[in-house]
Amino acid sequence: QYDFGMGVKEAVMTRAFWQYGIATFFQVAAASAVILHVMPYLTSLGVERTTASMIAMYIPLVSIPARLAYGWLSDIFPKNYVFAASNVLTSIGLILFSIIGNGSFVVTILFILFFGFGLAGLLPIRAPIIREYFGIANFGTIFGITFIFLTLGAVISPPIAGWIYDLRGVYDPYWLILSGVDLIAAVLMVTMPLPAQRPSAA
C-alpha cells in the first residue's frame, strides 16, 4: 500500500473535517477557560492562594504521563474513539470542578485526575487523526487549518468565563455548560465517518 493524499479543498468539504474541527474547538474552549481561571475561581471560593496554585500545577503534571498513554491507545483503538474518551474525561472533570467549592479533598483529587487525563488527549492524537483521514500529501496545510479551531477555542472561551464572573459574581453555570459542550464533542468524534480507503499500489 502507498499513502494517499487528499486535496485541501476536498478535505475541507468532508464531514469528518468539520466534526473533528468543532470537537477540537469545544475541548480547547473548555480546557483554556479552566487553565486560565483555575486560580481566580478557587480563590473566589475561599481556597488559599497557595493551595490554588498547587492544584493548578498538578493538572499539567498529571497530563504529561497521560499523553504517552494516549499515543499508545491510538495505536490500538480507533483514534476518533480515543479522542472522544478524552472529551468525556474532560467533561467529568468540569463537573467536579463546578462542585469543588464544597471543600472535599477527594473531589479536588478526582478533578485533577479526570481533567488532567482528559486534557492530555488534546495534542497527541491531533496529527494521527489528520494523517489517517486526509493523508500526508497536504498534511501540513490541513493540519495548519485545523489550528483555526484550536485558536478560536482558546481565544473565545476564557473571556466569556471572565465576563460571567464580572456579571454575576460567580463562574456558575459556565463550567457545567462547558461540560455539556465537551460531551457534544465526544459525540461528534464517535459519529465521524470511517477514514477513506487508501488505494493499493499496483
Side-chain angles (χ1 to χ4, degrees), residues 21-73 82-126 146-186 189:
I22 294 170
T24 299
F25 168 79
F26 284 160
Q27 187 171 30
V28 173
S32 60
V34 172
I35 290 170
L36 290 178
H37 288 273
V38 58
M39 288 188 62
Y41 169 61
L42 292 174
T43 53
S44 74
L45 298 176
V47 178
E48 292 186 6
R49 189 171 181 81
T50 53
T51 303
S53 64
M54 291 290 289
I55 294 172
M57 180 187 69
Y58 285 137
I59 293 172
L61 287 179
V62 167
S63 72
I64 291 172
R67 293 177 189 180
L68 300 176
Y70 277 108
W72 175 70
L73 289 170
V82 177
F83 191 37
S86 77
N87 280 279
V88 172
L89 290 173
T90 306
S91 177
I92 296 172
L94 283 160
I95 293 173
L96 294 166
F97 194 50
S98 71
I99 62 174
I100 205 170
N102 293 340
S104 170
F105 177 76
V106 174
V107 172
T108 301
I109 296 300
L110 288 176
F111 157 69
I112 292 171
L113 292 175
F114 275 97
F115 189 79
F117 274 86
L119 179 66
L122 180 61
L123 296 180
I125 312 174
R126 282 174 46 76
T146 63
F147 264 90
I148 296 173
F149 298 100
L150 190 149
T151 302
L152 287 174
V155 169
I156 293 173
S157 186
I160 292 177
W163 174 75
I164 289 175
Y165 181 78
D166 289 341
L167 186 67
R168 306 182 69 246
V170 292
Y171 284 93
D172 299 334
Y174 196 53
W175 308 132
L176 292 178
I177 292 172
L178 290 177
S179 176
V181 160
D182 248 323
L183 286 181
I184 295 173
M189 293 307 299

What closest approach, in Å, do [X] and [Y] show between heavy atoms, and which atom pair accounts for it?
| X | Y | value |
| --- | --- | --- |
| Y174 | A33 | CE2-CB, 4.1 Å |
| A186 | V88 | CB-CG2, 3.8 Å |
| S98 | D172 | O-OD1, 4.5 Å |
| A30 | D182 | CB-OD2, 3.3 Å |
| Q27 | G118 | NE2-O, 3.2 Å |
| N87 | A185 | OD1-CB, 3.3 Å |

**Message:** Going by side chain to side chain contact (heavy atoms under 4.5 Å, CB included), F111 matches just one of L94, I59, I95. Which one?
**Reply:** I59

Can you tell me how far the [atom1] atom of [X] sits from the [atom2] atom of [Y], to the nearest 0.5 Å?
| X | Y | atom1 | atom2 | answer |
| --- | --- | --- | --- | --- |
| L110 | F97 | CG | CZ | 14.5 Å |
| W175 | I177 | CH2 | CD1 | 11.0 Å |
| S86 | I125 | OG | CD1 | 5.5 Å |
| I112 | M54 | CD1 | CE | 9.0 Å |
| I184 | I22 | CD1 | CD1 | 10.5 Å |
| L176 | I99 | CG | CD1 | 9.0 Å |

Distance-only, no hydrogens or angles: does the [X] side chain make a donor-acceptor pair with backbone N or O of [Y] under 3.5 Å?
| X | Y | answer |
| --- | --- | --- |
| S32 | V28 | yes |
| T43 | P40 | yes |
| S104 | I100 | no |
| Y70 | F117 | yes |

**Item:** Test side chain to side chain contact (heavy atoms under 4.5 Å, CB included) applied to P65 - qualifying residues, sequence neighbours left out
**Value:**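 Scan of P65 (side chain to side chain contact (heavy atoms under 4.5 Å, CB included), adjacent residues dropped) gives none.
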
**Prompt:** With sequence neighbours excluded, what pairs up with L152 under the side chain to side chain contact (heavy atoms under 4.5 Å, CB included) test?
**Reply:** F25, I148, I156

With [X] via side chain to side chain donor-acceptor pair (under 3.5 Å) - residues at least two apart:
| X | result |
| --- | --- |
| S63 | none |
| S179 | S91 |
| Y41 | none |
| R67 | none |

**Message:** Please verify the inter-ring angle class for Y171 with H37; under 30° counts as parallel, over 60° as perpendicular, anything in between as tilted.
**Reply:** perpendicular

**Request:** Please examine the side chains of L42 and T51, heavy atoms only from C-beta on, and report whether any two atoms are closer than 4.5 Å.
**Result:**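 A side-chain contact is absent here, since even the closest heavy-atom pair is not under 4.5 Å.
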
